[in-house]
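Have a look at the structure below before the remarks.
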Amino acid sequence: MAALGSPLRTLRGLLRELRHASARAGRPYRDTPAYQHVLAAFRAHRVTSEKLCRAQQELHFQAATYLCLLRSVREHLALHHEYHGKGERSPDEVAGLVGFRLPQQPGGKG
Amino acid sequence: PLERKRFYQNVSISQGEGGFEINLDHRKLKTPQAKLFTVPSEALAIAVATEWDSQKDTIKFYTMHLTTLCNTALDNPTQRNKVQLICAAVKFLETDTICYRVEEPAALAELQKNEWDPIVAWAEDRYNVAIGSSTSISGPNIPASTKDTFISHLASYNMWALQGIEYVITQLKSLILSMGLIDRHITVEKAVLLSRLEEEYQIQRWGSVEWAHDYDLCELRARAAAGTLFVHLCSESSTVKHKLLQD
């Protein structure tokens, strides 16, 4: 079985990621189906205890995998936005790079 | 299209005849080929709904890996049947990343031996097969009996789970690492690390370039995690609607 660490830590991380996901949607994250499903699953299997049980381990692995998914998507999106999301510069910005300003022609081009 | 404006307020799931459906406001989600989007597992439906609900102003389809996997399972755009999927998966063993070794530099060869040998050994033991590794340009020589064992094993999965397995294999470039994930022997983070061992080696030597290395790392983790979760959620007999999982 994979080295997963503490189930409680996984649960906390997962709930935190769900909170981030909901912040984007602007909804109280405790109301979301995902949050309620995760909590219910952990309660039903009491994964927060130390007992070794196959169903618990499977659930913990699933939770850790889902946590990895949510976290990686969020991090990837952040990197995408920071490095790849800016698109082209406007003509104003390009002119500004070399210290110029575009001419202003109130009546439009002649 | 890569992105589209978010056109719905509420996302919810409901249970239909064929399984669980996703509702965007009052509209039912459809696949790219306009079929009704139905999934066999409630947990999977909830996770898909969460993907849709996480979208802010624009819908970023390239981040919605579970939705994409479900669409592939429902539409089967490559028109492959179960046998073809299994063959594609097992064929990867011939060029499996963790069996394909370098001789130089010595430090990398050592790293590959230390990190990959245990996983190969695990697979050989778990599946009672011979796999080995090779530094030859033609790759490892996989016995037919080994391939047959994996073909048999994969045949025990339903069509949806197989789409997921083949997806993970394609992402990680390794059948063995993928089975390690599916069998819960290693975590996604570890599987991705092992898949990218040479990159990690180079990064340690030369430094990391965030906008390329970390970007690729996060994307591979997301895809491998999505694929693994998809396989597990489609395989759980207690939560799965078998009618939908036509073999």
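Every chain is numbered from 1, with letters handed out A, B, ... down the list of sequences.
- Interface remark: L181(B) contributes backbone and side-chain atoms alike to the contact with chain A (heavy atom separation under 4.5 Å).
- Minimum interatomic distance between V73(A) and A222(B) (heavy atoms only, all atoms of both residues): CG2-CB, 3.9 Å.
- No part of A78(A) comes within reach of chain B, as not one of its non-hydrogen atoms sits under 4.5 angstrom from that chain.
- For the side-chain hydrogen bond (donor to acceptor under 3.5 Å, both in side chains) with Y215(B), the qualifying choice from E75(A), E82(A), H80(A) is H80(A), the only one to do so.
- Contact annotation: the side chain of E58(A) approaches that of R184(B) to within less than 4.5 Å [non-hydrogen atoms, C-beta and beyond].
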Does Y66(A) form a side chain to side chain contact (heavy atoms under 4.5 Å, CB included) with T228(B)? I'd like the steps, not just the answer. CA-CA 9 Å; Y66(A) 191 34; T228(B) 304; over 6 Å; no
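- Within a 6.0 Å radius of CZ in R30(A), other residues, nucleotides and ligands contribute 12 heavy atoms or fewer.
- Crowding of E93(A) atom CD: a count of heavy atoms from other residues, nucleotides or ligands under 6.0 Å exceeding 12.
- A pairwise comparison of heavy atoms in A225(B) and T65(A) identifies O-CG2, 3.4 Å as the closest pair.
- Other residues, nucleotides and ligands contribute over 12 non-hydrogen atoms within 6.0 Å of the CG atom of D31(A).
- Interface remark: of the candidates H76(A), R71(A), Q62(A), H76(A) forms the most heavy-atom pairs closer than 4.5 Å to chain B.
- A distance of 12.0 Å separates OG of S72(A) from CZ of R223(B), quoted to the nearest 0.5 Å.
- Taking a 6.0 Å sphere around CZ of F100(A), one finds it holds 12 or fewer heavy atoms contributed by other residues, nucleotides or ligands.
- Note that CG of L67(A) is 11.5 Å distant from CG of L229(B), once rounded to the nearest 0.5 Å.
- Atom CZ of R27(B) sits in a crowded spot, with more than 12 heavy atoms from other residues, nucleotides or ligands closer than 6.0 Å.
- No more than 12 heavy atoms of other residues, nucleotides or ligands lie within 6.0 Å of NZ in K113(B), so this atom counts as exposed by the packing criterion.
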The test is side chain to side chain contact (heavy atoms under 4.5 Å, CB included); show your working for T32(A) and T50(B) and say whether it passes. CA-CA 8 Å; T32(A) 59; T50(B) 306; over 6 Å; no
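- Contact record, L79(A) with C218(B): CD1-SG, 4.2 Å, taken as the closest heavy-atom pair.
- When each of E189(B), H65(B), H185(B), E210(B) is checked for heavy-atom pairs under 4.5 Å with chain A, E210(B) comes out on top.
- For a residue to count as touching a neighbouring chain, one of its non-hydrogen atoms must lie under 4.5 Å from one of that chain's; by this rule A49(B) does not touch chain A.
- Interface residue F61(A): only side-chain heavy atoms are found under 4.5 Å from chain B.
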